[in-house]
Amino acid sequence: VTAVIVLAGDGADEAHRRMIQRGVRLLLVVDQDRKVLGVITANDVLGEKPVRVAAERGIRREEVLVRDIMTPRERLQVISMEQV
């Protein structure tokens, strides 16, 4: 499956639409230069994160951005291909 990307400044709802359109449950979150900043999953978008962030910030759920609920690159655990 080809990797699908979303910008950190896109809305969480846009990320969900993109997942549905492309038939994936995870998007790579990138900046304007296409540098990977992290990932966002269907669980991030559909779970409690958007509601919690909206309540904490006093905004509508529709205003929650990808950067607000994504998992940053620094928190991802990866293994090298040599280990596989």
For Asp10 and Arg67, what are the C-alpha separation, side-chain angles and deciding distance, and is it a salt bridge (charged side-chain N to carboxylate O under 4.0 Å, His left out)? CA-CA 8 Å; Asp10 286 347; Arg67 74 169 56 94; over 6 Å; no
For Lys49 and Asp68, what are the C-alpha separation, side-chain angles and deciding distance, and is it a salt bridge (charged side-chain N to carboxylate O under 4.0 Å, His left out)? CA-CA 9 Å; Lys49 278 184 179 181; Asp68 299 327; over 6 Å; no
Might you work through the side-chain contact (heavy atoms from CB on, under 4.5 Å) test for Leu37 and Val30, ending with a clear yes or no? CA-CA 5 Å; Leu37 303 175; Val30 299; 5.7 Å; no
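Val66 and Val51 sit in two unconnected hydrophobic clusters of ILVMFWY residues. Membership requires side-chain heavy atoms under 4.5 Å apart, directly or through other members. Ile40 and Leu28 are not part of a single hydrophobic cluster, where members link through side-chain heavy atoms under 4.5 Å apart. Neither Val64 nor Ile20 shares a network with the other; the hydrophobic side chains, linked directly or stepwise wherever heavy atoms of I, L, V, M, F, W or Y lie under 4.5 Å apart, form separate groups for each. Val39 is not connected to Val4 by any chain of hydrophobic side-chain contacts under 4.5 Å among Ile, Leu, Val, Met, Phe, Trp and Tyr, and they are in different clusters. Under a hydrophobic clustering in which Ile, Leu, Val, Met, Phe, Trp and Tyr are joined whenever their side-chain heavy atoms come within less than 4.5 Å, directly or via other members, Val29 and Leu46 fall into the same cluster.
Partners of Glu82 under the salt bridge (charged side-chain N to carboxylate O under 4.0 Å, His left out) rule, at least two apart in sequence or in another chain, do not exist in this structure.
With a 4.5 Å cut-off on side-chain heavy atoms, Ile79 and Val84 count as touching. Residues Leu27 and Ile5 fail the side-chain proximity criterion, which asks for heavy atoms closer than 4.5 Å. Put simply, the side chain of Ile69 reaches to within 4.5 Å of the side chain of Val53, judged on heavy atoms. Counting heavy atoms from C-beta outward, Leu7 and Asp31 have side chains that stay 4.5 Å or more apart. Counting heavy atoms from C-beta outward, Met19 and Val45 have side chains that approach closer than 4.5 Å. Thr41 is not listed as a side-chain neighbour of Arg25, based on a closest heavy-atom distance of 4.5 Å or more.
Enclosure of atom CZ in Arg61 by more than 12 non-hydrogen atoms of other residues, nucleotides or ligands within 6.0 angstrom is indicated. With a 6.0 Å radius and a threshold of 12 heavy atoms from other residues, nucleotides or ligands, Arg52 has its CZ atom above the threshold. Within 6.0 Å of the CD atom in Gln32, the count of heavy atoms belonging to other residues, nucleotides or ligands does not exceed 12.
Annotation: the span from Leu76 atom CG to Thr71 atom OG1 amounts to 6.0 Å, rounded to 0.5 Å. From Arg60, atom CZ reaches atom CD of Glu63 across 4.5 Å, with rounding to the nearest 0.5 Å.
No donor-acceptor pair closer than 3.5 Å links the side chain of Glu14 to the backbone N or O of Gly11.
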